[in-house]
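This report concerns only the one structure given below.
Each chain gets a letter, A, B and so on, in the order its sequence line appears, and its residues count up from 1. Since the model is a prediction, treat every value here as computed from it, not as a measurement.
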Protein chains: 2
Amino acid sequence: MNEAKIRATLKSKGLSYTRPRKEILHLLMTRHGPFSVDDILKSIPDGTCDQATVYRCISQFLEKSLIKEVRLGEDFSRYEFNNPDHHHHHVICKSCQKIDSIDNCFIAPFLNQIKNLGYTEIEHALEFFAICPKCQKA
Amino acid sequence: MNEAKIRATLKSKGLSYTRPRKEILHLLMTRHGPFSVDDILKSIPDGTCDQATVYRCISQFLEKSLIKEVRLGEDFSRYEFNNPDHHHHHVICKSCQKIDSIDNCFIAPFLNQIKNLGYTEIEHALEFFAICPKCQKA
DNA sequence: TTATTTATGCAAATGACTTGCAAAAATTGG
DNA sequence: CCAATTTTTGCAAGTCATTTGCATAAATAA
Ligand SMILES: [Mn+2]
Ligand SMILES: [Mn+2]
Ligand SMILES: [Zn+2]
Ligand SMILES: [Zn+2]
């Protein structure tokens with residue numbers, strides 16, 4: 001992921017190119033999330049970014065739909081890059097907290113039902129909680 | 001919902017019958033949720049129950065699986081009575097926050113996929129966010 | 001470059017939720 | 001029922017993720 005790509009992504013959303021935005025978006029565009037604010041802070045060199053700035057960048061990225069919020073039953077939020085071509089869900093291990101992706105979404109039957117109730121602009125949040133193979137042996 | 005039923009429910013989980021537990025469980029067993037801690041506090045006469053007590057009762061009810069936690073993208077949790085014969089999900093209106101129930105669950109195809117990955121004890125959280133018919137007109 | 005707008009860092013505030021502790025209520029064993 | 005013991009409650013203070021005010025720094029416009 002080069003600087004030009006990140007710069008272009010920010011520009012396409014009308015956001016100026018600043019060091020914190022570059023660092024945060026770089027993490028989210030190059031590594032597999034979802035990441036907590038703490039993950040993000042620790043990933044930035046020299047700790048040279050304030051947590052207030054991270055929260056403010058996240059809000060802006062969410063408003064612009066650059067990222068999605070993911071809640072996994074923890075007492076904090078996680079965030080991941082929003083790739084419209086890669087709608088997916090997550091399983092988190094109830095024992096070791098390892099997160100896996102579920103790439104197929106079989107939500108259509110629900111959508112039909114909800115559309116029939118007259119709802120529009122339907123979005124969904126779906127997460128799974130289970131015991132992973134490694135934790136079953138231990 | 002009579003006192004005897006509530007008393008029996010608490011007893012079946014090894015919980016003693018106290019005024020706060022009675023009041024909170026009564027609300028959860030008789031009215032359609034999910035309820036926030038604030039909803040619960042306001043529903044109790046005379047405001048005669050401390051929020052710390054409500055949180056402690058909720059923790060115990062969750063441990064005993066008497067209730068389920070529901071997260072609807074708000075900055076607080078909601079809770080509803082756990083009726084194993086009535087597994088269901090919710091739609092919350094993104095505009096007026098009205099909550100509707102979705103009584104059919106079509107989650108099986110996901111479960112197959114997750115089982116194939118070696119996971120066991122699989123649980124799921126699924127919520128929908130949409131615009132309700134009333135808000136579409138307004 | 002200089003002026004103007006926008007973003008950042010720091011510290012303090014917010015708000016949901018938790019915890020310590022003494023008093024009140026519930027349970028236990030006569 | 002009572003007196004002793006255990007559990008629960010109310011209140012106040014604490015915790016922790018997230019937000020906000022404000023002065024400075026960085027980015028953009030002229
Ligand atoms: Mn993901
Ligand atoms: Mn419900
Ligand atoms: Zn989906
Ligand atoms: Zn379901």
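- Within 4.0 Å of B:S59, counting heavy atoms only, lies no atom of the nucleic acid at all.
- For the atom pair CG of B:L25 and OG1 of B:T9, the computed distance is 6.0 Å after rounding to the nearest 0.5 Å.
- Nearest-nucleotide positions on DNA chain D for B:R21 and B:A52 put B:R21 closer to the 5' end.
- Residue A:E23 contributes atom CD, which lies 17 Å from atom P of C:dA7 at whole-angstrom precision.
- Ring geometry for A:F110 against B:F128 counts as tilted: the plane angle lies between 30° and 60°, on a 0 to 90° scale.
- Using a 4.0 Å heavy-atom distance criterion, B:R19 is classed as a sugar-phosphate-only contact.
- Between D:dT18, D:dT9, C:dT8, one nucleotide has an atom nearer to the side chain of B:P20 than all others, and that is D:dT9.
- Look at B:S16 and you won't find any side-chain N or O under 4.0 angstrom from OP1 or OP2 of C:dA25.
- Atom-to-atom, CG of B:L62 to C1' of C:dC17 comes out at 13 Å; the value is rounded to the nearest Å.
- Contact check, A:T53 against C:dG9: a side-chain N or O comes under 4.0 Å of OP1 or OP2.
- Distance check, rounded to the nearest 0.5 Å: SG of A:C105 to NE2 of A:H124 gives 3.5 Å.
- Distance B:Q60 CD to C:dC17 P: 16 Å, rounded to the nearest Å.
- Note on B:F76: only backbone sugar-phosphate atoms sit closer than 4.0 angstrom, heavy atoms only; bases stay farther off.
- Nucleotide C:dT18 holds its P atom 9 Å from the CG atom of A:D75, rounded to whole Å.
- For B:E80 and B:H86, the side-chain atoms include no donor-acceptor pair closer than 3.5 Å.
- Residue B:K22 contributes atom NZ, which lies 15 Å from atom C1' of C:dA26 at whole-angstrom precision.
- We find that CD of B:E74 is positioned 17 Å from C1' of D:dA17, with the value rounded to whole Å.
- Within the model, atoms CD1 of B:I67 and CD of B:Q60 stand 10.0 Å from one another, a figure rounded to the nearest 0.5 Å.
- Nucleotides of DNA chain C nearest to B:R56 and B:Y17 differ in position, and the one nearer the 5' end is that of B:R56.
- Atom CG of B:D50 is separated from atom P of D:dC11 by 6 Å (rounded to the nearest Å).
- Within the structure, every side-chain polar atom (N or O) of A:Y55 is placed at least 4.0 Å from both OP1 and OP2 of D:dT19.
- Distance A:L10 CG to C:dT6 C1': 14 Å, rounded to the nearest Å.
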